Amino acid sequence: MADEKIPYTQYLQADGSVVGNLPEFAEDQELVLALYRHMNRARRFDTKAVAMQRTGRLPTFPPALGQEAFHVGFASAMSADDILFPTYRDGPAQMVRGVQLEELLLFTAGDERGSDFQVPRCDFPQAIPIATQTAHAVGAAYAMKLRGEKSVAVTTIGDGGSSKGDFYEAMNFAGVWQAPVIFLINNNGWAISTPRDRQSAAPTLAQKGDAVGVPGQQVDGNDVLAVYHVVSEAIAAARSGKGPALIEALTHRLTDHSTADDASRYRDADLLSEQWKEEPMIRLRTYLSNQGWWGKEDEESMLTELDQEIERAVENFEASDAPEAAAMFDYMYAELPADLMAQRAEVIAAHGHEGDGS
Amino acid sequence: MADEKIPYTQYLQADGSVVGNLPEFAEDQELVLALYRHMNRARRFDTKAVAMQRTGRLPTFPPALGQEAFHVGFASAMSADDILFPTYRDGPAQMVRGVQLEELLLFTAGDERGSDFQVPRCDFPQAIPIATQTAHAVGAAYAMKLRGEKSVAVTTIGDGGSSKGDFYEAMNFAGVWQAPVIFLINNNGWAISTPRDRQSAAPTLAQKGDAVGVPGQQVDGNDVLAVYHVVSEAIAAARSGKGPALIEALTHRLTDHSTADDASRYRDADLLSEQWKEEPMIRLRTYLSNQGWWGKEDEESMLTELDQEIERAVENFEASDAPEAAAMFDYMYAELPADLMAQRAEVIAAHGHEGDGS
Amino acid sequence: MTEVTLVQAVSMALARAMEEDENVVLLGEDVGVNGGVFRATKGLQKKFGSERVIDTPLAEAAIAGVAVGMAAQGLRPVAEFQFMGFSYPGLDQIICHASRLRNRTRGRLSCPIVYRAPYGGGIHGPEHHSESTEALYAHIPGLRVVIPSSPVRAYGLLLAAIRDPDPVIFLEPKRIYRAVKQDVEDDGEALPLDLCFTLRDGDDVTLVTWGAAVKETLAAAETLDSRYDIDAAVIDVATLTPLDMDTILASVEKTGRCVIVHEAPSTGGFGAEIAARLAERGLLSLLSPIERVTGYDVVPPGARTEHRYLINEDRIIAAARRAVFFPEAPTEQDHTMEDA
Amino acid sequence: MTEVTLVQAVSMALARAMEEDENVVLLGEDVGVNGGVFRATKGLQKKFGSERVIDTPLAEAAIAGVAVGMAAQGLRPVAEFQFMGFSYPGLDQIICHASRLRNRTRGRLSCPIVYRAPYGGGIHGPEHHSESTEALYAHIPGLRVVIPSSPVRAYGLLLAAIRDPDPVIFLEPKRIYRAVKQDVEDDGEALPLDLCFTLRDGDDVTLVTWGAAVKETLAAAETLDSRYDIDAAVIDVATLTPLDMDTILASVEKTGRCVIVHEAPSTGGFGAEIAARLAERGLLSLLSPIERVTGYDVVPPGARTEHRYLINEDRIIAAARRAVFFPEAPTEQDHTMEDA
Ligand SMILES: Cc1ncc(C[n+]2csc(CCOP(=O)(O)OP(=O)(O)O)c2C)c(N)n1
Ligand SMILES: Cc1ncc(C[n+]2csc(CCOP(=O)(O)OP(=O)(O)O)c2C)c(N)n1
Ligand SMILES: [Mg+2]
Ligand SMILES: [Mg+2]
């Protein structure tokens with residue numbers, strides 16, 4: 001799978017068996033259970049959001065189904081002071097970072113308040129224009145380095161996004177500056193309908209680091225322990241001044257690109273069922289029960305709790321008023337220029353002051 | 001100098017001695033003498049153009065001093081039907097392709113007719129916005145491949161330009177499409193004042209091909225035989241359907257970035273004198289005389305001829321009328337839209353119809 | 001004759017152009033196997049092969065740039081940006097090369113390219129999916145900016161755009177991609193790229209518009225007529241640049257009043273250009289200040305509140321009535337402005 | 001007080017800003033060791049170190065984008081595009097992020113960035129070195145577009161731009177970088193970013209302009225006065241967006257005539273916006289059609305013929321006289337239009 005020169009890390013195989021020597025943290029029951037819980041929250045939320053979209057309660061939603069190990073693994077490896085520059089598919093990672101489910105719902109609904117995270121205050125909102133976030137990460141990393149802070153910027157991108165010049169330019173800047181940035185590729189095999197092999201003739205995406213003097217490696221993105229491990233190490237290295245790193249996580253997109261997409265138009269059903277066999281949750285659960293850390297009851301009560309948490313978030317979201325009419329003006333500038341006041345007044349006249357969803 | 005994995009080709013060393021086994025064409029006296037003549041034409045023209053700029057007879061000019069082996073080597077390896085997508089520093093290559101000296105002077109003077117080459121009709125004009133030309137080359141190569149033609153697109157870029165996303169995106173497209181394009185990096189060590197090591201942390205620029213599955217190699221850009229050889233081979237491979245290639249030529253920029261620049265502000269004088277020792281003309285002359293192909297008289301008569309050719313071009317250029325006033329409108333569209341006719345009339349009213357330099 | 005939607009008319013025109021000229025190729029993200037995220041290129045890769053309907057890697061600057069190289073080599077590329085908001089990385093190539101190659105080479109090389117993009121808001125899209133930045137393109141000499149607002153015009157204008165020897169920015173108002181069906185004859189007849197379309201004659205006020213806003217503008221004209229007895233002309237500009245100002249001037253000469261309607265932000269929008277030309281060449285006809293009913297100078301709000309930003313019939317009606325009543329304000333009782 | 005040129009005033013303001021706020025950093029191609037290709041950052045790397053005056057790799061999209069990340073992290077980056085014609089790869093980051101981050105996050109993150117670029121023609125530059133595409137930026141909500149036209153205004157406006165909490169596009173008319181010297185006091189006093197500057201009062205006609213064209217416009221006003229006894233007001237818009245329309249309207253109310261002068265192509269240029277607002281809010285003041293004296297809708301011609309494209313005094317004078325004499329045409333004998 002991986003190029004010879006490119007390191008590849010995997011601990012948990014698809015059947016839950018362990019390969020190689022597990023890193024120490026894998027014995028930390030609390031930590032690993034937290035990873036598992038985060039992954040479950042992500043999947044339950046995902047299912048809920050898709051259902052809401054199908055019933056007209058949310059606009060387009062991009063599920064992360066099947067990629068939870070990637071998201072939860074890398075986000076759990078970050079410290080609170082690190083900064084995440086995510087894409088539209090990184091909701092599960094944002095949850096780990098402390099973004100509220102309700103905020104994610106607001107964002108998805110097209111309510112800008114969803115990006116005004118109460119926690120984490122410095123993380124960027126999801127980037128929609130692909131690959132642009134990578135430059136932000138490098139700039140932020142530069143700022144942190146300049147101030148002598150020890151924080152690290154982490155940014156993600158898809159296999160499709162890795163074809164964009166922005167990604168290359170950002171990595172190149174990071175290489176020259178030896179900036180503390182981790183570039184994570186979520187290689188889920190597809191950019192909407194475009195398969196990985198039409199994105200690039202490079203045998204791995206990790207070797208894109210070669211072009212800019214940034215070390216690249218691959219990891220099994222269905223293995224949360226492997227993801228957590230390699231990202232933790234890369235972050236620690238960057239934190240200690242060793243510069244940027246590129247990590248390609250091999251995942252599968254187990255559903256459509258988004259709720260607006262129908263992958264059956266371009267994806268082979270057999271391929272999909274093969275990929276389901278490698279999905280990340282079951283292998284982790286197998287590991288947990290092999291460790292004696294997890295049973296049926298634990299599972300049931302966890303799922304009940306998570307579903308309750310999600311239901312509360314949905315209720316709060318659905319009970320929320322739309323933003324005030326004037327809000328579209330009030331955050332354009334620190335202070336509204338006189339030039340725009342008449343327009344603002346017109347909108348208030350037409351729609352009122354209230355955030356009444358009108 | 002080169003990374004271990006990256007092939008490096010050199011035949012003529014700085015002192016004119018030969019290293020390794022010369023390729024067959026090096027025995028072709030006519031061919032090698034033509035290379036030498038082209039290099040001399042380029043250098044004489046360069047000197048002339050700089051002198052003209054200094055005396056106010058040309059605006060900014062970007063000399064190619066020291067990089068003649070690169071330009072002449074690769075352009076001589078191209079067939080007439082291949083297409084060149086050059087930068088502003090590729091005048092010497094364009095001359096080899098058949099672009100007239102007078103056309104190059106017109107272009108430099110800011111007269112658009114200088115890019116209406118009588119030969120070669122399909123070559124692109126010099127690209128000023130850096131790296132943009134690489135995408136054009138890929139598109140043209142795609143078109144030629146689609147039509148089953150055997151032509152190859154050749155495009156050049158600087159070490160600075162190789163940091164741009166356009167370059168990466170273009171190479172990536174070429175890799176996926178297996179398009180017949182040769183990407184040539186003229187790594188002359190500087191992007192204006194920015195040294196190579198501030199452009200990229202990659203140890204070689206040739207390895208940028210790794211990122212996109214395009215094979216990369218280095219060549220001594222001061223050795224015209226080596227350049228001619230590796231480019232010929234790459235073109236032949238592309239012509240036979242083997243896809244794109246990336247070649248990094250190591251050259252030295254032996255003067256300022258352009259006549260608007262003063263390199264003494266940022267470049268060490270000692271470095272420059274070291275680099276002069278590696279310049280490409282003397283080593284080739286040594287080779288020629290070692291072969292018994294070239295003597296003092298040959299040199300003198302060649303230089304006289306070249307200078308006469310250049311003088312004639314300068315005279316024609318200086319005797320030329322400026323374009324007609326209306327010309328600024330007449331090539332904007334195949335047919336001038338009615339909307340622009342009043343503006344055109346206004347310009348003619350103010351400046352007359354004639355191309356009188358007014 | 002077939003009843004088709006606007007997006008189907010786009011497909012029809014593409015298929016027709018590809019049939020009649022083997023140099024026409026399509027390229028873009030997901031245009032092939034998937035037939036485009038809006039299905040505008042549906043079935044075309046099957047029909048014309050993956051070498052002529054090209055799924056590209058994800059990189060808009062390259063899409064814009066390779067099209068230049070293809071076009072200079074005699075192809076007629078139709079390049080798709082998946083959404084207008086993702087066309088910006090291509091601007092450099094479009095401004096510096098596509099629009100200039102003919103001029104730079106005195107006609108030796110040229111760029112018969114169509115850059116297509118769905119544009120505008122109103123589909124509850126995520127951030128950056130609702131852009132109406134046609135004014136950026138309309139400021140660039142050497143381009144044509146064309147915006148169809150009905151199936152018939154989509155078919156005829158797109159054929160014209162593909163056959164045009166110079167680069168065309170072809171913006172498709174996605175809000176009305178499937179809004180109506182029209183009989184479109186697949187006869188290969190192009191529509192002119194140098195004329196505005198007068199959709200409705202009128203003596204009292206001239207409504208000038210383009211894109212999805214044509215829908216609300218036509219509706220407003222109906223209401224103005226039925227409810228207020230105001231006879232509004234409606235002009236669909238369709239080709240923004242080069243602009244057919246004569247049609248607009250002729251109408252305003254008759255009506256003395258002009259309301260310009262577009263979805264893009266007001267400041268520096270293309271409505272400004274039309275207003276400026278009226279103030280230059282039609283000043284003496286104007287009986288009332290020019291009105292612009294446009295998007296506000298803000299980022300288009302997210303799906304939850306975008307209706308407050310989008311053009312609505314009421315704003316157009318109110319502006320038209322202000323123009324007609326000028327210098328009086330329309331009286332309160334006539335004025336039945338409703339909240340959307 | 002020191003007598004300095006416009007480009008020196010830029011340097012002075014940069015140095016001052018860097019001294020008073022350690023968060024101010026400069027970045028761009030050749031801004032460090034070389035001090036910028038126009039010497040605008042001369043000596044600053046020596047003074048403030050290479051970590052605060054950063055020579056970047058050659059990549060404008062990244063320059064624009066890293067500035068966003070820096071700014072959101074509390075720095076105040078001043079990013080240089082070497083020429084405006086090379087700013088286009090940065091447009092995507094500027095449109096999609098710099099201008100929007102505050103709004104997207106309801107004020108949680110913001111982008112106090114200045115994007116500087118030398119702009120305009122007249123220096124006999126190669127292709128792509130003469131761009132005046134300020135209108136592209138002026139259409140983007142969330143940005144400020146600021147253009148100084150004298151050393152004093154360069155100093156004061158650049159300080160204001162750097163201190164401003166939001167992104168500013170700061171365009172420096174390079175044709176007049178060294179045209180005149182002025183006493184500029186390095187007192188750290190900023191100039192307002194929400195006012196036009198009235199450079200000359202006048203009762204007969206209002207000349208509205210910005211950038212290098214201010215030079216020819218002022219000269220034209222002198223000639224109009226001395227040769228034709230026409231008293232022209234001259235307004236330097238300076239901050240294009242958000243626009244201080246009140247100053248312009250007040251003057252046109254007095255003069256009844258307006259000539260807008262800018263170097264950029266006419267169609268969709270920012271002059272259109274000013275004309276449109278006059279036609280909306282100042283129509284009743286207008287005694288003659290608005291005149292625009294602008295670049296033509298073509299690619300700026302190369303050095304050999306660019307003088308035919310650039311604004312000259314004669315065109316301004318002719319337009320002003322047409323406005324003043326309207327509806328009569330100015331008589332031939334008064335009209336001493338000379339070829340440049
Ligand atoms: C610059 C840009 N171009 C196009 C799009 C439209 N688009 C959204 S997602 C997507 C595919 C992305 O694929 P990939 O990078 O692999 O990420 P994934 O969706 O698989 O997570 C495209 C083309 C966009 N958002 N931004
Ligand atoms: C996109 C773009 N940015 C900036 C410039 C200005 N510029 C002209 S040459 C140059 C340096 C180029 O260096 P390199 O690519 O190494 O080529 P060289 O000049 O050394 O041949 C720069 C920054 C440009 N022409 N295009
Ligand atoms: Mg993907
Ligand atoms: Mg170089």
Side-chain angles (χ1 to χ4, degrees), chain A residues 83 85 107 112-118 121-125 127-129 131-147 149 151 153 155 164-166 168-177 179 181 212 323 327-340, chain D residues 22-23 25 27 51-52 54-75 77 79 89 92-93 95-97 99-110 112-113 141-144 164-167 193-195 239 241-246 277 281:
Chain A
I83 309 187
F85 297 80
F107 175 78
E112 290 78 3
R113 293 172 302 183
S115 291
D116 183 15
F117 318 140
Q118 296 315 299
R121 293 298 288 168
C122 289
D123 279 17
F124 262 48
I128 306 280
T132 51
Q133 70 278 7
T134 56
H136 309 159
V138 176
Y142 187 93
M144 299 186 292
K145 188 176 172 183
L146 181 69
R147 290 194 299 251
E149 293 167 8
S151 303
T155 185
K164 280 215 72 179
D166 304 60
Y168 169 75
E169 292 186 2
M171 281 205 301
N172 189 49
F173 271 53
V176 172
W177 289 346
V181 196
V212 288
M328 70 169 98
F329 291 92
D330 292 346
Y331 302 94
M332 287 301 300
Y333 298 89
E335 208 175 316
L336 191 71
D339 191 28
L340 297 186
Chain D
E22 65 173 14
N23 287 315
V25 299
L27 69 156
E51 303 213 313
R52 288 185 63 202
I54 311 160
D55 277 320
T56 66
L58 204 167
E60 285 79 6
I63 291 171
V66 298
V68 170
M70 289 174 169
Q73 264 300 300
L75 297 185
D92 185 43
Q93 285 284 359
I95 297 176
C96 293
H97 294 293
S99 75
R100 298 188 177 202
L101 191 60
R102 178 187 293 283
N103 182 67
R104 296 177 67 210
T105 62
R106 300 285 100 156
R108 180 170 62 86
L109 300 173
S110 61
I113 305 171
L143 299 179
R144 285 184 161 79
D164 192 89
D166 291 303
L193 291 183
D194 54 4
L195 283 184
T239 297
T241 51
L243 178 61
D244 163 25
M245 194 63 203
D246 292 341
R277 295 202 193 184
R281 296 175 53 199

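In what follows, chains are A, B, ... by sequence order, proteins preceding strands, each numbered from 1. If you're wondering where the values come from, they're calculated on a predicted model, not measured in any experiment.
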Non-hydrogen side-chain atoms of D:Pro89 and A:Glu169 separated by less than 4.5 Å:
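They are not in side-chain contact.
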In terms of heavy-atom pairs under 4.5 Å with chain D, which of [options] leads?
options	value
A:Pro129, A:Ala140, A:Ala143	A:Ala140
A:Ala137, A:Ala327, A:Ala127	A:Ala327
A:Leu146, A:Thr132, A:Leu340	A:Thr132

With chain A as the partner, which of [options] has the greatest number of non-hydrogen pairs under 4.5 Å?
options	answer
D:Val25, D:Leu27, D:Ile54, D:Leu193	D:Ile54
D:Ala67, D:Pro242, D:Pro167	D:Pro242
D:Ala61, D:Pro165, D:Ala72, D:Gly74	D:Ala61
D:Asp194, D:Leu75, D:Leu243	D:Leu243

Trace of the side-chain contact (heavy atoms from CB on, under 4.5 Å) decision for A:Phe117 with D:Thr105
CA-CA 8 Å; A:Phe117 318 140; D:Thr105 62; over 6 Å; no
Heavy-atom distances under 4.5 Å only: say whether A:Phe124 touches chain D with side chain, backbone, both or neither.
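Looking at A:Phe124, backbone and side chain both touch chain D.
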Quick one: does [X]'s side chain have a donor or acceptor within less than 3.5 Å of a partner on [Y]'s backbone?
X	Y	answer
D:Asp166	A:Ala334	yes
D:Arg104	A:Ser115	no
D:Arg106	A:Glu112	no
A:Asp116	D:Arg108	no

Please report the shortest heavy-atom distance between A:Met144 and D:Gln73, naming the atom on each side.
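Nearest pair, atom of A:Met144 first, then D:Gln73: CG-OE1, 3.8 Å.
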If every non-hydrogen atom of A:Tyr142 is compared with every non-hydrogen atom of D:Glu51, which pair is closest and at what distance?
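Heavy-atom minimum between the residues: OH-O, 2.6 Å.
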Roughly how far, to the nearest 0.5 Å, is CD1 of A:Ile128 from NE2 of D:His97?
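CD1 of A:Ile128 is found 9.5 Å from NE2 of D:His97.
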What distance separates A:Arg121 CZ from D:Leu109 CG, expressed to the nearest 0.5 Å?
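Those atoms lie 8.0 Å apart.
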Proximity breakdown for D:Leu101 and chain A, heavy-atom pairs closer than 4.5 Å:
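Contact with chain A is through the side chain of D:Leu101 alone.
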Does any heavy atom of chain A fall under 4.5 Å from the side chain of D:Asp92, the backbone, both, or neither of them?
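Contact with chain A: side chain only.
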Test side-chain contact (heavy atoms from CB on, under 4.5 Å) on D:Val66 and A:Phe173; report intermediate values, then the result.
CA-CA 9 Å; D:Val66 298; A:Phe173 271 53; 4.0 Å; yes
Side-chain donor-acceptor contact under 3.5 Å, A:His136 with D:Gln93:
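Result is yes, a qualifying pair exists.
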Does a sphere of radius 6.0 Å around CD in A:Glu335 hold more than 12 heavy atoms from other residues, nucleotides or ligands, not counting ones at 6.0 Å or beyond?
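No, the 6.0 Å shell around CD holds no more than 12 heavy atoms from other groups.
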